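Just so it is clear, the structure is predicted and the values come from calculations on it, not from any experiment.
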Amino acid sequence: RTRNAQESQKKKHHHKDKSKSSSEIKKHYQNYQSLITIQSEDINVTSFQFEKLKIAETLCFMLAATGWGCAAIAADLTYLDNIYEEKKTSANLALIGCSITTVLLLVCVIWRTLKELRFEQAKGIFSYQDTIFTTKKYNVLIVELAINFIHPSYGLDTYSFSVDNENHTPIHYTYIGVISIIMLARIYHFIRFVSVIQQYRSPRSQRLCQMNGCRAGTWYSVKCLIQESPNVSMTVMMIGGILVFAYPLRIFERSAGQDFASYENSAWCIILTMTTVGYGDYFPLTDAGRLIVFFACIWGVVVVSLIVVTLSNQLLLDCGEENSLLILKRLRFKEEMKQVAAFVLTSAMKYRNLVKSSAYDKGKLEMQLGKFRYHLNEFRQFRIKQRSLYEFDSFEDRVETKMLKVIEDMDEIQQLKNQINHVISELEGRRS
């Protein structure tokens, strides 16, 4: 009995071990199968995740713009000592607001990265087992956090530095003003915000791009926006470039000697630089200002070239307009051709009548011969123009011209047939 009990216990333990190993194998197999199989997309889940991503992009843009605005206000208030002493409280409040919005922006950037990962998981680009580290999104996240972390904090209002120019005269700068220029790198939030509110990054656009082997990202949305709305895009690019480059030029050049303390003068200098005019009434004196003008010049050349291409494309005729214009040219050419042919025939008949008349003037005969030759040369030129006007390259145009000739021949045959029938009917009437 003891032996039987021991054997039964051994069998029970053996079956338990087998069941545990089989369950572990099933779990590993399910995890492996979930990794290699393509997960189906739920449209409702994708749309819900995209709406969350849109909210995250909107919050990031609003916080980035608010933080930069606070930094710009603090930079203007701390530029002059007399203004700073009067409005020191306002400058400190602006710096505190910049720090608060920066902290919220960092949190929102992390949340936005997570929402983007959830959206891509719902789209089937990544599996639900993937994380920020497996997708290598943490590299972009670290760069974004470093860019958005830079801001003027409370206590920098009393610190400044000076740089000597070419004439060895010191030019004073505040740390808040220089940091506010660096904060202009947050402008990429505006590009993301504009791209995400368009239809080109919607779940439907994502599915269509995925079917065609591409990805509907930010750059795709920007290119589609420029293609579909070129006038609005060029206007935004031009005005945005003027406003963005005028601010750092004003910060670097307002202590250099020229009247760059006015934002209008800085914007005017950027306009002249972007359009490659350069009147010379305002120009940068510092190295940093010249670097800003250099980048503004490059951006202006890009925008102006895009404007020229856009205008040239808008002046081009589409397929229907080209066909309509070609038909109008042909109809007008036929009318002119008929007039020229009529002039040739009338001049030839007049010349013939003069030759047949018994008493003709030799001078009139030569003058009529000259008219005939003039109209004949004009007719030959029209024949050459006809070849260039009716010269086609495509096979469809050639078939169309041949069909038109066949139709005209059929019309002439029908007219001849009607004349023959008319003559036959007259002959039959006479016989009767």
Side-chain angles (χ1 to χ4, degrees), residues 31 34-35 37-70 97-151 183 185-226 228-229 232-233 236:
N31 292 330
S34 64
L35 289 174
T37 56
I38 300 175
Q39 54 192 15
S40 60
E41 178 186 353
D42 190 354
I43 298 176
N44 295 325
V45 176
T46 305
S47 301
F48 179 71
Q49 295 295 336
F50 182 73
E51 291 298 326
K52 284 188 175 181
L53 178 61
K54 189 184 294 186
I55 293 171
E57 293 285 4
T58 306
L59 289 176
C60 287
F61 166 66
M62 293 176 64
L63 291 172
T66 306
W68 180 82
C70 293
C98 182
S99 299
I100 293 173
T101 53
T102 299
V103 173
L104 294 176
L105 178 60
L106 295 177
V107 176
C108 195
V109 166
I110 298 173
W111 183 54
R112 179 253 167 206
T113 305
L114 294 175
K115 294 296 107 178
E116 185 181 16
L117 178 61
R118 296 291 181 269
F119 174 69
E120 292 176 351
Q121 288 174 346
K123 287 295 297 179
I125 300 174
F126 298 112
S127 65
Y128 286 102
Q129 284 77 23
D130 287 323
T131 59
I132 296 177
F133 299 99
T134 57
T135 56
K136 294 184 179 180
K137 287 183 177 293
Y138 68 94
N139 296 324
V140 181
L141 179 60
I142 291 172
V143 174
E144 285 191 38
L145 292 175
I147 292 173
N148 293 282
F149 177 75
I150 299 173
H151 71 284
M183 289 178 66
R186 296 183 180 184
I187 197 171
Y188 76 92
H189 289 291
F190 173 73
I191 300 173
R192 281 183 176 176
F193 169 71
V194 172
S195 66
V196 80
I197 62 175
Q198 301 296 325
Q199 60 180 350
Y200 311 112
R201 282 192 65 184
S202 62
R204 179 179 294 178
S205 179
Q206 295 278 349
R207 287 191 292 271
L208 292 174
C209 290
Q210 198 170 2
M211 290 169 59
N212 291 283
C214 59
R215 186 176 179 182
T218 303
W219 183 236
Y220 171 78
S221 180
V222 170
K223 290 191 289 185
C224 292
L225 187 61
I226 294 174
E228 293 294 328
S229 303
V232 178
S233 301
V236 172

Please find the pair of heavy atoms, one from [X] and one from [Y], that lie closest to each other, and give the distance.
X: Arg186; Y: Thr102; value: NH2-OG1, 3.3 Å
X: Cys108; Y: Ala56; value: SG-O, 3.7 Å
X: Gln49; Y: Ala122; value: CG-CB, 4.3 Å
X: Ser205; Y: Ala216; value: OG-CB, 3.9 Å

For the pair Met62 and Leu104, evaluate side chain to side chain contact (heavy atoms under 4.5 Å, CB included) and give the outcome as yes or no after the intermediate values.
CA-CA 11 Å; Met62 293 176 64; Leu104 294 176; over 6 Å; no
Kindly say whether [Y] contributes a backbone atom to a donor-acceptor pair with the side chain of [X] at under 3.5 angstrom?
X: Thr134; Y: Thr131; answer: yes
X: Ser221; Y: Ser195; answer: yes
X: His151; Y: Phe149; answer: yes

Are [X] and [Y] close enough that some pair of their side-chain heavy atoms sits under 4.5 Å apart?
X: Arg207; Y: Lys123; value: yes
X: Ser127; Y: Asp130; value: yes
X: Phe193; Y: Ile197; value: yes
X: Val222; Y: Val194; value: no
X: Glu120; Y: Lys137; value: yes
X: Lys115; Y: Ile55; value: no
X: Arg201; Y: Leu53; value: yes

Set of residues satisfying ring pair (Phe, Tyr, Trp, His ring centres under 6.0 Å) with respect to Tyr188, sequence neighbours excluded:
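By the ring pair (Phe, Tyr, Trp, His ring centres under 6.0 Å) rule, Tyr188 matches no residue at all.
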Decide side chain to side chain contact (heavy atoms under 4.5 Å, CB included) for Trp68 and Thr101; before the verdict, give the C-alpha distance in whole Å, the side-chain angles of both, and the deciding distance to 0.1 Å.
CA-CA 9 Å; Trp68 180 82; Thr101 53; over 6 Å; no
To the nearest 0.5 Å, how far apart are [atom1] in [X] and [atom2] in [Y]?
X: Leu114; Y: Glu116; atom1: CG; atom2: CD; answer: 10.0 Å
X: Arg118; Y: Tyr128; atom1: CZ; atom2: OH; answer: 9.5 Å
X: Leu59; Y: Lys54; atom1: CG; atom2: NZ; answer: 13.5 Å
X: Ile132; Y: Leu117; atom1: CD1; atom2: CG; answer: 6.5 Å
X: Cys209; Y: Tyr220; atom1: SG; atom2: OH; answer: 3.5 Å
X: Ser233; Y: Leu225; atom1: OG; atom2: CG; answer: 4.0 Å

Among Leu63, Val103, Leu105, exactly one meets side chain to side chain contact (heavy atoms under 4.5 Å, CB included) together with Asn148. Which residue is that?
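Going through Leu63, Val103, Leu105 one by one, the side chain to side chain contact (heavy atoms under 4.5 Å, CB included) with Asn148 is satisfied by Leu105 alone.
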Checking Phe50 against Gln206 for the side chain to side chain contact (heavy atoms under 4.5 Å, CB included) test, could you report, in this order, the C-alpha distance in whole Å, the side-chain angles of both residues, the deciding distance, and whether it holds?
CA-CA 11 Å; Phe50 182 73; Gln206 295 278 349; 5.7 Å; no
